[in-house]
Amino acid sequence: MDAAIDMDMDSQKQASRWQRIYRVVRRIPHGRVASYGLVAQLAGLPRQARQVGYALHALKRGSRVPWQRVINARGEISQRAEPEAERLQRALLESEGVRFDARGRVELARFAWRPKR
DNA sequence: GCAATGACGCTCT
DNA sequence: CAGAGCGCCATTG
C-alpha cells in the first residue's frame with residue numbers, strides 16, 4: 001500500500017509537469033494540428049518535445065485531451081509501439097477535416113495551428 | 001548514479 | 001525533398 005501511495009505521488013509529480021502540456025494541447029482548435037516542439041515551447045518547456053510525447057503516451061481514455069492533434073514537425077503521425085493507435089489518430093484527424101497527402105503527411109501550411117501567443 | 005530509451009527536432013549531405 | 005547524424009532531457013532499469 002505504501003508502494004501504491006508512492007507510485008501515486010510520483011504520478012502527481014509528473015502530472016504537475018505534464019499538466020502544463022495537457023493545458024496547451026487542449027487549446028489546439030478542432031481541425032488543426034501542432035507539433036510536439038511547439039506544444040513544449042508553449043508549455044514553457046523549450047527543447048523538451050520528447051517529454052510531450054511521454055506525457056501524451058501516459059494519457060488515459062476519456063481524458064478530454066485532443067492528443068490526436070499533436071504530430072511531429074514533419075507533418076507526420078509519429079510511430080509508436082501500438083500501430084493501431086496510429087491509424088486511430090489519422091482517422092480522428094480526418095474526421096475533423098484534416099487532409100493527408102499520398103505520403104501520409106499533413107499539409108502544415110494549411111492545418112498547422114498558429115496561436116497568437 | 002550510470003546507461004539506455006523515447007508519440008522529437010534541427011542541420012547537413 | 002529524403003535520409004542520416006547529432007543534440008536534448010526527463011524517465012526508467
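Lettering follows sequence order; numbering is per chain, from 1. Note that the coordinates shown come from a computational prediction; the quantities given were computed from them, not determined experimentally.
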remark   = For R114(A), the salt bridge (Lys or Arg N to Asp or Glu O under 4.0 Å) test, sequence neighbours excluded, returns none
List the atom pairs, with distances to 0.1 Å, where a side-chain N or O of residues 104-113 of chain A and a protein N or O form a donor-acceptor pair under 3.5 Å, not counting sequence neighbours.
none

query = Quick one, which residues of residues 92-105 of chain A touch DNA chain B with a heavy atom under 4.0 Å?
reply = none
Under 3.5 Å donor-acceptor pairs involving side-chain atoms of residues 42-54 of chain A, not counting sequence neighbours:
none

ask   = Restricting to pairs with a member in residues 80-89 of chain A, which pass side chain to side chain donor-acceptor pair (under 3.5 Å), not counting sequence neighbours?
value = R80(A)-Q89(A)
inquiry  = For residues 53-75 of chain A, which residue pairs pass the salt bridge (charged side-chain N to carboxylate O under 4.0 Å, His left out) check, not counting sequence neighbours?
reply    = R69(A)-E96(A), R74(A)-E76(A)
ask   = Residues two or more places apart in sequence or in another chain: which of them pass side-chain contact (heavy atoms from CB on, under 4.5 Å) with A58(A)?
value = W18(A), Y22(A)
inquiry  = If I take atom CD in residue Q51(A) and atom P in nucleotide dG7(C), what distance separates them, rounded to the nearest angstrom?
reply    = 18 Å
message = Is there a side-chain contact between V25(A) and P66(A) in this structure, where contact means two heavy atoms from C-beta onward sitting under 4.5 Å apart?
response = yes
message = Counting primed atoms plus P, OP1 and OP2 as sugar-phosphate and everything else as base, spell out the protein contacts along nucleotides 7-13 of chain B at 4.0 Å heavy-atom distance: B, S or - for each nucleotide, 5' to 3'.
response = BBS----
key: Pair listing, salt bridge (charged side-chain N to carboxylate O under 4.0 Å, His left out) test, anchored in residues 23-35 of chain A, at least two apart   = none
